[in-house]
Amino acid sequence: MGNNFIYGFIASLLVLCISLLRLRQRKRYEKNGVKVQGLVSDLLLEYQGSTRAYYPVVAYRTLEDIKFEEKSSFGTYPAAFKKGQKIDVIYDRDDHKKFIINHKKYVYLEVVFIVIGVLGLIISSFYLMK
């Protein structure tokens, strides 16, 4: 039983760290990036073991009118967006291929994962201290 709580602690710590890194990345993009409108041109269903996620492929133009079409690094199941949906994109000034989708669904997911990580740490710590 004790090992399960150790694994839970480690998993919760990983979820929390990854979520905080994504939130930090979002803040950096919001501060230094360029906001433009994009379009979900496709949805790619990818499998990693038994886990599946839809990754939106986003088409957008930079302020210099250069067109990019890139797959988002963040996928969800079920799909968070629909093909043809207009979305806000924030791209990196130094590397226009790097971007984030600026949508409240993603912000909510980041907050939910932070809460899950914190709760997991609290619960597993409580049982590990017994």
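Because the structure is a prediction, the values reported are computed rather than measured. In what follows, residues are counted from 1 in the order of the sequence shown.
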Applying salt bridge (Lys or Arg N to Asp or Glu O under 4.0 Å), can you list everything that pairs with Asp94, at least two apart in sequence or on another chain? none

Using a 3.5 Å cut-off and no angle test, enumerate the donor-acceptor pairs between side-chain atoms of residues 103-115 and protein atoms at least two apart in sequence or in another chain.
from   : atom 1 : to     : atom 2 : distance (Å)
His103 : ND1    : Lys105 : N      : 3.1
Lys105 : NZ     : Ala80  : O      : 2.5
Tyr106 : OH     : Phe74  : O      : 3.2
Glu110 : OE1    : Arg26  : NE     : 3.1
Glu110 : OE2    : Arg26  : NE     : 3.3
Glu110 : OE2    : Arg26  : NH2    : 3.4

Under the side chain to side chain donor-acceptor pair (under 3.5 Å) test, residues paired with Ser41 that sit two or more places apart: Glu69

In this structure, CG of Leu39 is separated from CZ of Phe81 (nearest 0.5 Å) by 12.0 Å

Is there a path of hydrophobic side-chain contacts, each under 4.5 Å between heavy atoms of I, L, V, M, F, W or Y residues, that connects Leu20 with Val118? yes

Those residues that, when tested against Arg93, pass side chain to side chain contact (heavy atoms under 4.5 Å, CB included) (two or more places apart): Val34

Going through the checks in order, is the side-chain contact (heavy atoms from CB on, under 4.5 Å) test met by Thr62 and Val36? CA-CA 7 Å; Thr62 66; Val36 295; over 6 Å; no

Output for pair (Ser19 OG, Ile116 CD1), nearest 0.5 Å, gives 8.0 Å

Starting from Tyr29, walk the hydrophobic network (Ile, Leu, Val, Met, Phe, Trp, Tyr; side-chain heavy atoms closer than 4.5 Å) and list everyone else you reach, by chain and number. Ile90, Ile100

Interatomic spacing from OG in Ser124 to CG in Asn4 - rounded to 0.5 Å: 11.5 Å

Count I, L, V, M, F, W, Y as connected when their side-chain heavy atoms are under 4.5 Å apart, and connections chain through other members. Are Tyr47 and Leu44 then in the same cluster? no

Checking Asp65 now: which residues fulfil side chain to side chain contact (heavy atoms under 4.5 Å, CB included) with it, not counting sequence neighbours? Arg61

Just to verify, what does Leu21 make a side chain to side chain contact (heavy atoms under 4.5 Å, CB included) with, not counting sequence neighbours? Arg24

Please report, to 0.1 Å, the donor-acceptor pairs under 3.5 Å made by any side chain of residues 51-58, with sequence neighbours excluded.
from  : atom 1 : to    : atom 2 : distance (Å)
Arg52 : NH2    : Tyr77 : OH     : 3.0

Tell me, please, which residues at least two apart from Lys71 pass salt bridge (Lys or Arg N to Asp or Glu O under 4.0 Å). Glu46

Quick one: sort the Phe5 and Tyr127 rings into parallel, tilted or perpendicular, breaks at 30° and 60°. parallel

Thr76: side chain to side chain donor-acceptor pair (under 3.5 Å) partners, not counting sequence neighbours: none

From CD (Glu70) to OH (Tyr60), nearest 0.5 Å: 5.5 Å

Joint cluster assignment, Phe99 & Leu23, ILVMFWY side-chain distance < 4.5 Å: no

Does one hydrophobic cluster hold both Phe126 and Met129, with members joined at side-chain heavy-atom distances below 4.5 Å? no

Tell me, yes or no, whether the heavy-atom count around Gln48 atom CD, taken from other residues, nucleotides or ligands under 6.0 Å, exceeds 12. no

Give every residue pair that meets the salt bridge (charged side-chain N to carboxylate O under 4.0 Å, His left out) criterion with at least one member in residues 77-87, sequence neighbours excluded. none

Apart from Ile18 itself, what residues make up its hydrophobic cluster, given side-chain heavy atom links below 4.5 Å? none

Which distance, rounded to the nearest 0.5 Å, do you find between the CD1 of Ile122 and the CG of Leu119? 5.5 Å

